[in-house]
Amino acid sequence: MDWSGALGNRISTFKRHLGSGVERAQWSHQPVSDDSQRQRDDPIRNGYPGLRQRSINPERLKDFGEDEYLGKDVKTWEMTVTGHSETLLSTAHNVPPYKTSRSPQPGSRQAPFEDIRAAAFKIQHGIQKTPCTYSRLSKQYGIEIYLKKEYLHHTGSVKERGVCYLLASLSQEQQRKGVILASDNDFTKAVAHHATELHIPVFVILSASTPPGRVKTCREYGAMVITYGSSVKDSQSHAQKLASENGYLYLQEEDNMPYLAGLGTMGLEVYEQVNKLDAVILPAGGERHILAGAAAPIKHLNPAITVIGVEPENYPAPQQSLRKGPAPKELSYTNHRFYRELFNSTFGNNAFQMTDKLVDKIVTVKEADILLAILRLMEYERATVDAVGAIGLAAVIAGKLPELKGKRVVIALCSGNLDVPLMRQCLDRALVLDNKLCKFSIQVCDCTGDLAKVLEVLSREEVRVLDVIQERFFVTSGIFSIKVTCVIEVRDRSQMVQVERMLRERYTTFTWLERSED
C-alpha cells in the first residue's frame, strides 16, 4: 500500500479547505533508515515502536474558518511520522469495525466477555498493565484495601484502554483519513497520544477559552491542535463540519461497544491480580463508562463480587438514571475545574443497561470527602490523583460502605490529571478539613513585645506559623488594642486541641476562624 501517497492526498484536501498562500502544518513520511529499524525493534513509547517527533512550531492560519469566530486565535501544530505505518495499521485487520452510529445495537445489554478478552489481547503492546497493590490505609479503615493504579497510564487516565481498542477497531481507510475531536478532557488526550502512536492523523479543535496549559498538553501528545470560536459549541460544530467535508471521523466519548470493551480490560486485570476479591469500587458520575465497562468482566467471572459506583453528591446522574432511565444526551457542558471528568459525559443506553444489570450499589459523597481522599492518597501512597481518582476512597472515608468492614476490596484510582495550581488549592483545603491548617484571632495590647509573646507560645508548642496579620484601625474594643490573625500548621488533631487550650487560657479573646466540623 502507498502510505505516503494516500496521506499526501488527504493533506492536499485539508490544505485546499484551509486556503492558499499561508504557511501550514505539514505531515510527512520519511524513508526508513537503519536507526528507525532498530527503533522499531525496541519496546519504546508505551509499547508503540517506530515513532519519532521533531520540534513543533505553531503557525498562523487565517483561512481555516469563518472570520467572525476566529479573531487571531487560530494556531496549528506540526509533527513528523516515521516508520512502517502499514504494519501498525494492519493491527486493526481482525477487529470488528467501529460503528459510527450513536444508537446501540439491538438487544445488546453489555460488552460480550469475548470482546473484552479480544481487547486485552489487542492492546497489550500499547497499554501497560497497571499495578494493584495493598494499601497502608487498610488498617486505618478496617478494610483490606487494594489500589488499582490506573493514573499511571501515559496520559494519566484509564480511558487509554478504551481509546486504544476503539482506534484499533477503525477501518484502515478511516485510519488513513484521520480523526477529529472538539474537547479537552482525558478522552481527547488519550486519543491524541494513541492515534499518534498508531500513525493516525488526529485533529483537535478547541475554543479560544481553553486554558493554554490544556492546549499545550494536547499538542505534546501529538495532535494537530487548532483554536476556534469562543465557546465549546462553536468548536464542536466546526469540528463536525470539517469531519463531513474532509472524511475525518468525528470522535466523542460515548458508550459504543469497542470503547466499553477496552475499558473492561481493567476489570480483567483486577480479577487476575487480587485473589478472593469481595468488592470493587469504581467512579460513576461522568465516568459511568468505566463503571459499566469494568463491571462486565468482573460479574462474568464471579457474580458474587460486589460492584459499587461512587458519584459526587451534587451531581447524582447515574443514581437518577437507574430510577428514571437514561439521561438526555443534551446535557449542559460544564467547565468545573474540580469535577470536569465527573460531569462532562452523557449516560448512554448501553452504559445504562449494563449499569442497571451489573452494578450492585451507587453511593454519593461530598466534596470534602473527595478532598480528604486526595490528601490521604498523597500522604500514605504518594499518589497524586484528581477527583475521579479519589472518589472511590472518598466513599470509604465518608463511612458510606460499612458492610465492607473486614472485606477484601479493590478501589480503582482512575485518573491523575490534577493541574498544579488546582492541586495546591485542593491540598490546602484538605489540610483545613483535616484540622492540620488552623486559623485563629486574638486581641492583644499594642505594646512592644506582646505579639512576640504570642509567637513564643506557638514556638513552645512546636507549631509552624504560616502567616501573621495585624489589624489596628478597625478594632473597636480598645484604642490601644490590635487584632492578630494567625494561620498555623499542626501535626494532627491532638496538637490542635493542645494549642487551643493553651491560647484560651492566656487570651479571653481567642477565636477559631476556620476549622472542620467535629
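Just so we're clear, the structure is a prediction, and the values are computed from it rather than from any experiment.
Side-chain contact check for Val410 versus Ile281: every heavy-atom pair is 4.5 Å or farther apart. Between Leu268 and Val270 the shortest side-chain heavy-atom distance does not fall below 4.5 Å. Between Val202 and Leu251 there is no side-chain heavy-atom pair separated by less than 4.5 Å. With a 4.5 Å cut-off on side-chain heavy atoms, Thr196 and Tyr221 do not count as touching. Here the side chains of Glu160 and His154 are in contact, with some heavy-atom distance below 4.5 Å. Between Ile145 and Ile411 the shortest side-chain heavy-atom distance falls below 4.5 Å. Looking at heavy atoms from C-beta onward, Val365 lies in side-chain contact with Ile391 at the 4.5 angstrom threshold. Considering only heavy atoms from C-beta on, Gln425 comes within 4.5 Å of Leu422 through its side chain.
Salt bridge status for Glu381 with Arg376: absent, with no side-chain N to carboxylate O gap under 4.0 Å. The residues Lys299 and Asp360 are annotated as salt-bridged, a charged nitrogen and a carboxylate oxygen being separated by less than 4.0 angstrom. Between Arg214 and Asp184 there is a salt bridge, since at least one side-chain N of the basic residue sits less than 4.0 Å from a carboxylate O of the acidic one. Using a cutoff of 4.0 Å between basic side-chain nitrogens and carboxylate oxygens, Glu272 and Lys129 are scored as salt-bridged. A salt bridge links Glu379 with Lys436: at least one charged nitrogen is closer than 4.0 Å to a carboxylate oxygen.
Within 6.0 Å of NZ on Lys483 lie no more than 12 heavy atoms contributed by other residues, nucleotides or ligands.
The closest donor-acceptor contact from the side chain of Glu253 to the backbone of Thr188 lies at 3.5 Å or more, if one exists at all. Looking at Thr306, its side chain never comes within 3.5 Å of a backbone N or O of Ala279 through a donor-acceptor pair. Without hydrogens or angle criteria, Thr210 side chain to Leu206 main chain gives no donor-acceptor distance under 3.5 Å. Side-chain atoms of Asp369 come within 3.5 Å of backbone atoms of Lys366 as a donor-acceptor pair (strictly under, hydrogens ignored). Side-chain atoms of Gln124 do not come within 3.5 Å of backbone N or O of Ala120 as any donor-acceptor pair. Formation of a donor-acceptor pair under 3.5 Å by the Asp386 side chain with backbone atoms of Gly389 is found in this model. The main-chain N or O of Leu371 is never found under 3.5 Å from a side-chain atom of Arg429 such that the two would form a donor-acceptor pair.
Atom CG of Leu413 and atom OH of Tyr151 lie 6.5 Å apart (nearest 0.5 Å). For the atom pair CD (Glu500) and CD (Glu505), the distance works out to 11.0 Å, reported to the nearest 0.5 Å. Put simply, CG on Asp446 and OG on Ser481 are 8.0 Å apart, with the number rounded to the nearest 0.5 Å. With values rounded to the nearest 0.5 angstrom, Cys132 atom SG is found 7.5 Å from Leu147 atom CG. Between atom OG of residue Ser183 and atom CD1 of residue Ile205 there is a gap of 11.0 Å, rounded to the nearest 0.5 Å. Distance check: Tyr271 OH to Leu301 CG gives 5.0 Å after rounding to the nearest 0.5 Å.
Taking every heavy atom of both residues into account, Val465 and Leu458 meet most closely at CG2-CD1, 3.7 Å. Minimum heavy-atom separation, Val158 to Met266: CG2-SD, 3.8 Å. Closest of all the heavy-atom pairs between Pro297 and Gly264 is CG-O, 3.2 Å. In this structure, Ala292 and Met354 approach most closely via the heavy-atom pair O-CE, 3.2 Å. Taking each heavy atom of Val307 and Leu358 in turn, the nearest pair found is CB-O, 4.0 Å. Considering all non-hydrogen atoms of both residues, Ser231 and Ser207 come closest at O-CB, 3.3 Å.
For Glu150 and Thr130, the side-chain atoms include at least one donor-acceptor pair closer than 3.5 Å. Side-chain N/O atoms of Tyr380 and Gln140 include a donor and acceptor closer than 3.5 Å. Looking at Thr133 and Lys149, their side chains do bring a donor and an acceptor atom within 3.5 Å of each other. A donor and an acceptor atom, one from each side chain of Ser157 and Ser415, are nowhere located under 3.5 Å apart.
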inquiry  = Determine whether Val468 and Thr485 satisfy the following criterion, side chain to side chain contact (heavy atoms under 4.5 Å, CB included), listing intermediate values before the conclusion.
reply    = CA-CA 6 Å; Val468 178; Thr485 302; over 6 Å; no
key: Step-by-step side chain to side chain donor-acceptor pair (under 3.5 Å) determination, Tyr146 to Gln273   = CA-CA 10 Å; Tyr146 289 81; Gln273 291 170 318; over 6 Å; no
request  = Would you check, one step at a time, whether the test side chain to side chain contact (heavy atoms under 4.5 Å, CB included) holds for Ile362 with Val310?
outcome  = CA-CA 6 Å; Ile362 293 181; Val310 188; over 6 Å; no
query = What do the steps show when you test Phe187 against Val163 for side chain to side chain contact (heavy atoms under 4.5 Å, CB included), and what is the final call?
reply = CA-CA 7 Å; Phe187 178 81; Val163 164; 3.6 Å; yes
task = Step by step, work out the side chain to side chain contact (heavy atoms under 4.5 Å, CB included) result for Val409 and Leu401.
result = CA-CA 11 Å; Val409 179; Leu401 302 170; over 6 Å; no
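The salt bridge (charged side-chain N to carboxylate O under 4.0 Å, His left out) pairs that include a residue from residues 259-270 are Lys148-Glu269, Arg161-Glu269, where partners are two or more places apart or lie in different chains. The salt bridge (charged side-chain N to carboxylate O under 4.0 Å, His left out) pairs that include a residue from residues 448-458 are Glu456-Arg460, where partners are two or more places apart or lie in different chains.
Test Thr217, Asn185, Asp186, Thr155 against Asn417 for side chain to side chain donor-acceptor pair (under 3.5 Å) and you get one pass: Asp186.
Among residues two or more places apart in sequence or in another chain, the salt bridge (charged side-chain N to carboxylate O under 4.0 Å, His left out) test is passed with Arg464 by Glu489.
Checked against the 6.0 Å centroid threshold, Tyr165 and Tyr259 do not count as a close aromatic pair.
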